[in-house]
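The structure appears below as structure tokens.
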Amino acid sequence: MKLYCISTHQEMLPLMRGVTCRPFRSLKVISVALFTFCSILMVLLYKGNIDWMMFKPTNKVSRTATVKPSAQPVSTCSFDSLSPEELLVFDSLKEAIVWPETPSLKSDSSLNDTSDPRRSSFTILPRSGGGSWRVGDQLQVSIAIRDFHGRPKKSGGDVLLARLHNSTFPAGVAGHVVDHRNGSYSAFFSLLWEGRAQVEVVLVHPSEAVTVLQKLTEEHPDRIYFNSLFQSGSVSETTTCNVCLTGTQQRFCDYTDLRTGEPWFCYKPHQLDCDARISHARGGFRQTLKSTEEKLFQWYDINRLTFKTPPSGYYYKGAWQALDGTRVHQFNSRSISQCLKGKAVHIFGDSTVRQWYEYLTNSLPDLKEFDLQTSKQSGPLMALDYVNKISVTFRSHGPPIRYASTSVSQLHYVANELDSVLGGTNTVVVIGVWSHFSTFPVEVYVRRLLNIRKAVARLLSRAPGSTVVIRTANPKEMTLYESLTNSDWFSLQRDKVLREIFRGMNVRLVDAWEMILAHHLPHKLHPDSDILKNMISAESLVTVQDKQSCK
């Protein structure tokens, strides 16, 4: 924390110029003024509500800007500084994200020894007890992975996705895959509709690719980097920023958030101070793979044929049917307006929940955007419906965020924003934070979610009637770049962390993972409107007492 001291000598001098009062009386007035100021200051400190930032000059951009000199090679990484509380939570999460041991890649390793989808296969096992399948049964599929020689794999760790679907209804449900760690897997599907169904299994990554992804995160957590522009008058400089920086003789600017403790670092400009930082932007991506490793990252499709953990829902006739007892209505624009009448909807996170803001502003005829002259990517964005008294806002989460140039004054942490939400029965909060944390060690994500969880708890404590919605991660298309920066394996691991951290809280989970996996449309980071409509139609934005008004 920086404390800006007020020099009484400098501040009082201008007041004393031209004054004809006797020195003794002037000193008496000064003493009284100082005594009064100190008394007020002590009262404020005692009550604990003083805001030290009010003493900060208004022309400063960053709240904190401390330079860390380094006379020898150093490294500054946010995931090296977890608090004892965060470490305790992280240790408890390790079991949830443990992954089977994957084969190591040696210099003489051959791609022919890796998992081959064309030689792999799966078998639908007979119904337990015999007879025909019935609605409510569990369908089990046995999956055998082989290498390019046709030899059975001896280890697990392959990234597999499975679904059961019927394209004529259309209907679909996600499968639950169990890794037996010996090259064989089982997939379980709940049979939830009458009629035919097809099993689909996709090999996203062979286990050897997971080895590479783990190594990348361990050795190159800064492979995606960011830039900040520093400017003062006619002088401007751009430096690299990240949650982890290394250097020899170069100094760092530390922009750790005072309230949450979220760290962020930039290399210090040569000519300018740390306070001269004015913008944040994605920088680039450092590709460090060998040519043989690149070939591991392809989209594999094992086969198509004519759970032990139950799914959260399924599609039937194109509509999502929740299995947790929640009634799902297919809303139109009128019913959505009725549901949200008199409500303030606050959306925080990445572009996958910005889609919700865009869907609502495009779907509701009376909801009009108010131009705040801000970035359409990061916001803040606002839309108002004066007829139904609805307000919808969006703001992106703080760094790391891979957007085009954004003013640092608009980079706000979700936890801090939640503390400014009034809350109540007419308040809906939507949070989606996951995609931009893929390349960093999972500790970075754990810290962010713990801060958000604490803020959600504070909101629900002061305003119990508030509705809080959490959007999960989702599978997506897999190019080489996406595999190395936003792989489904990264997303799956962080999705597990998110579910565990918010388990037991009075929040609503929108299972984007299953809603996209079960759908017949291709996997996308930003799902198509049909899926988006089902996410919003799942009654996630309304409270129990509002349901009658939604019809």
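- For Lys215 and Glu218, the salt-bridge test fails: no basic side-chain N is under 4.0 Å from an acidic carboxylate O.
- Remark: Phe490 engages no residue in a ring pair (Phe, Tyr, Trp, His ring centres under 6.0 Å) (not counting sequence neighbours).
- Proximity of a side-chain donor or acceptor of His205 to a complementary backbone N or O of Asp488 within less than 3.5 Å is not detected.
- A side-chain donor from one of Ser435 and Asn486 sits under 3.5 Å from a side-chain acceptor of the other.
- With Ser378 contributing its side chain and Ser396 its backbone, the two residues share no donor-acceptor pair below 3.5 Å.
- You'll find the ring centres of His436 and Tyr403 inside the 6.0 Å limit.
- For the atom pair Ser438 OG and Arg494 CZ, the distance stands at 6.0 Å (nearest 0.5 Å).
- The environment of CD in Glu95 is sparse: at most 12 heavy-atom neighbours from other residues, nucleotides or ligands sit within 6.0 Å.
- Remark: Ile390 CD1 to Lys343 NZ distance equals 10.0 Å, nearest 0.5 Å.
- Here the two rings, on Tyr255 and Phe265, have centers that are 6.0 Å apart or farther.
- Taking 4.0 Å as the cut-off between side-chain N and carboxylate O, Glu482 and Lys476 do not count as a salt-bridged pair.
- Atoms CZ and CG, from Arg503 and Leu498 in turn, are 11.0 Å apart once rounded to the nearest 0.5 Å.
- Annotation for Ala415 and Asn451: closest pair CB-O, 3.5 Å, computed over non-hydrogen atoms.
- Taking the six-membered ring for Trp and the full ring otherwise, Trp264 and Phe226 have centroids separated by under 6.0 Å.
- Arg471 contributes no side-chain N or O that, together with a main-chain N or O of Val430, makes up a donor-acceptor pair within less than 3.5 Å.
- For the atom pair CG of Leu381 and OG1 of Thr393, the computed distance is 9.0 Å after rounding to the nearest 0.5 Å.
- The shortest distance between side-chain heavy atoms of Ile452 and Phe502 falls below 4.5 Å.
- Residues Gln410 and Arg395 have side chains that bring a donor and an acceptor to within less than 3.5 angstrom of each other.
- Counting only distance, with no hydrogens or angles, the side chain of Gln377 and the backbone of Ala404 share a donor-acceptor pair below 3.5 Å.
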*Stepwise, does the side-chain contact (heavy atoms from CB on, under 4.5 Å) test hold for Leu93 with Val446?*
CA-CA 9 Å; Leu93 291 170; Val446 168; 3.8 Å; yes
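- Atom CD of Gln214 has more than 12 neighbouring heavy atoms from other residues, nucleotides or ligands inside a 6.0 Å radius.
- With rounding to the nearest 0.5 angstrom, the CD1 atom of Ile224 is 5.0 Å from the OG1 atom of Thr485.
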*Can you list the steps and then say if Thr427 with Leu422 is a side-chain contact (heavy atoms from CB on, under 4.5 Å)?*
CA-CA 8 Å; Thr427 299; Leu422 181 63; 5.7 Å; no
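- Between Thr352 and Leu525, the closest side-chain pair of non-hydrogen atoms falls below 4.5 Å.
- Side-chain contact between His346 and Ser420: absent, with no pair of heavy atoms (C-beta onward) separated by less than 4.5 Å.
- Contact of the Tyr315 side chain with the Met515 side chain is registered, since non-hydrogen atoms from C-beta on lie closer than 4.5 Å.
- Under the 3.5 Å distance criterion, the side-chain polar atoms of Ser228 are matched with a main-chain donor or acceptor of Ser279.
- Under a 3.5 Å cut-off, the side chain of Thr472 and the backbone N or O of Asp495 do not form any donor-acceptor pair.
- Rounding to the nearest 0.5 Å gives a distance of 9.0 Å between CG of Leu492 and OG of Ser487.
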*Derivation and outcome, side-chain contact (heavy atoms from CB on, under 4.5 Å), residues Asn474 and Lys524*: CA-CA 8 Å; Asn474 62 259; Lys524 289 183 179 179; over 6 Å; no
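- Between Val433 and Val414, some side-chain heavy-atom pair lies under the 4.5 Å cut-off.
- For CG of Leu372, the number of neighbouring non-hydrogen atoms (other residues, nucleotides, ligands) closer than 6.0 Å is greater than 12.
- What you find for Ala518 and Trp320 is that their closest heavy atoms are CB-CZ3, 4.3 Å.
- Between the side chain of Asp254 and the backbone N or O of Thr256, at least one donor-acceptor pair lies under 3.5 Å.
- Side-chain atoms of Ser466 come within 3.5 Å of backbone N or O of Gly424 as a donor-acceptor pair.
- Side chain of Asp222 to backbone of Val243: no donor-acceptor contact under 3.5 angstrom is found.
- Between Arg499 and Asp511, at least one side-chain N (NZ, or NE/NH1/NH2) sits under 4.0 Å from a carboxylate O, which counts as a salt bridge.
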*Determine, step by step, whether Leu364 and Val392 satisfy the side-chain contact (heavy atoms from CB on, under 4.5 Å) criterion, reporting the C-alpha distance in whole Å, the side-chain angles of both residues, the deciding distance to 0.1 Å, and the verdict.*
CA-CA 11 Å; Leu364 306 186; Val392 182; over 6 Å; no
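- Lys389 meets the salt bridge (Lys or Arg N to Asp or Glu O under 4.0 Å) test with no other residue; sequence neighbours excluded.
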*asked:* Set out, in order, the CA-CA distance, both residues' side-chain angles and the distance that settles disulfide (SG to SG under 2.5 Å) for Cys266 and Cys241, then state yes or no.
replied: CA-CA 4 Å; Cys266 294; Cys241 306; 2.0 Å; yes
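- Within the 3.5 Å criterion, the main-chain N or O of Arg259 finds no donor-acceptor partner in the side chain of Tyr413.
- Looking at residues two or more places apart in sequence or on another chain, you find a ring pair (Phe, Tyr, Trp, His ring centres under 6.0 Å) between Phe437 and His397, Tyr445.
- The shortest distance between side-chain heavy atoms of Arg447 and Glu443 does not fall below 4.5 Å.
- A salt bridge is absent between Asp530 and Lys533: the closest approach of a Lys/Arg side-chain nitrogen to an acidic carboxylate oxygen does not fall below 4.0 angstrom.
- No side-chain heavy atom of Tyr314 sits less than 4.5 Å from a side-chain heavy atom of Leu164.
- Remark: the Gln355 side chain and the His526 side chain contain no N/O donor-acceptor pair separated by less than 3.5 Å.
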